[in-house]
Amino acid sequence: MDAALHDWSLTPKQAIALQSQLAKQLEADDRIDPVTHIAGVDIGFEEDGSITRAAVVVLAWSPEQAPPLTVVEQVVHREPTRMPYIPGLLSFREIPAALGAFAQLKTRPQLVMVDGQGIAHPRRLGVAAHLGLWLDLPTIGIAKSRLTGRHADVGEARGDWVPLMAGQEVIGAVLRSRAQVKPVFVSPGHRLSLATSLDWVMRCLGKTKLPEPTRLADRLASRRDQKRATASQTHTTASR
DNA sequence: GCGACAG
DNA sequence: ATCTTGTCGC
């Protein structure tokens, strides 16, 4: 077995305790600067998972310009994978690489959208929330599936949503971001309310199910699209 | 004790 | 997450 995959800096027990502590530091109210740039973050893997690849895309935002938004910067950062995937502890696996990518950014966004949960997490510290604390920036989690919480059925029209509940607590929303397509799970991370989080996700929605920031980060982080980009660059170069 | 379980 | 061809639809 690969020793590197077991080189944990924290035991699961320690990580869980830390999550409960960090969750107390989250701000649930809106505290966001005027938005000119929005970042999208996603993580992918190479070499059977031994390499973690973090992708960050920064888009220009203005109230006038509806999607598609303009890409102003993008970074891909690679480093050895430190932890296996354990449901509930995703942030410890993904955040180190994400921070590596952010360190290379020239632009500091006012808002960050992350592929994964915000507070819709057993201890209210999904990867989007955790990253928000590290960056001290407003973050939103947009997940493609559910980690925790219960919810009613969502309407079929774009924009329909129902609350995601943990007992009596609202921890996010199940949003029909595109008609007839499986809904996404939106939850605030740090420094944002659910209502504001939903507003921003709706505003960044293009023609697809995912908002532009995470859709583009997703593309950059995925192995297949890396090949696609490389191939088209080769074509461009060859045709000149 | 038995399932469920982001990426 | 990732391994993967074709195929249905705008």
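Just so we're clear, the structure is a prediction, and the values are computed from it rather than from any experiment. Order of the sequence lines sets the chain letters (A, B, ...), proteins ahead of strands, with each chain counted from 1.
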Practice problem: May I ask you to check whether A:His77 and A:Phe102 place their ring centres under 6.0 Å from each other? | Solution: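 When the ring centroids of A:Phe102 and A:His77 are compared, they turn out to be at least 6.0 Å apart.
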
Report task. Test A:Ile32 against A:Leu111 for side chain to side chain contact (heavy atoms under 4.5 Å, CB included), laying out the working first. Result -> CA-CA 8 Å; A:Ile32 180 169; A:Leu111 171 63; 4.2 Å; yes

Q | Leading and trailing nucleotides of DNA chain B with any atom under 4.0 Å from heavy atoms of chain A | A |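 That gives a stretch of B:dA4 to B:dG7.
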
C:dA1 OP1/OP2 closer than 4.0 Å to side-chain N/O of A:Lys144: yes

Just call it for A:Gly141: base, sugar-phosphate, or nothing, with non-hydrogen atoms closer than 4.0 Å on any strand.
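A:Gly141: no heavy atom of the nucleic acid under 4.0 Å.
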
For A:Gly44, answer base if it contacts any base atom (sugar-phosphate contacts may also be present), sugar-phosphate if it contacts only those atoms, and nothing otherwise; contact means non-hydrogen atoms under 4.0 Å. sugar-phosphate

Rounded interatomic separation in angstrom, taking CG from A:Asp218 and P from C:dA1: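 After rounding, the reported distance stands at 7 Å.
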
From the list A:Asp30, A:Thr196, A:Asp136, side-chain hydrogen bond (donor to acceptor under 3.5 Å, both in side chains) partner of A:Arg191 resolves to A:Asp136

Fill in: Salt bridge flag under 4.0 Å for residues A:Lys106 and A:Glu73
no

Checklist line | N-O pairing of A:Asp115 and A:Arg215 below 4.0 Å | finding: no

Problem - Under 3.5 Å: donor-acceptor pair, side chain of A:Arg176, backbone of A:Val154 - result: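 Side chain of A:Arg176 to backbone of A:Val154, a donor-acceptor pair under 3.5 Å: yes, one is there.
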
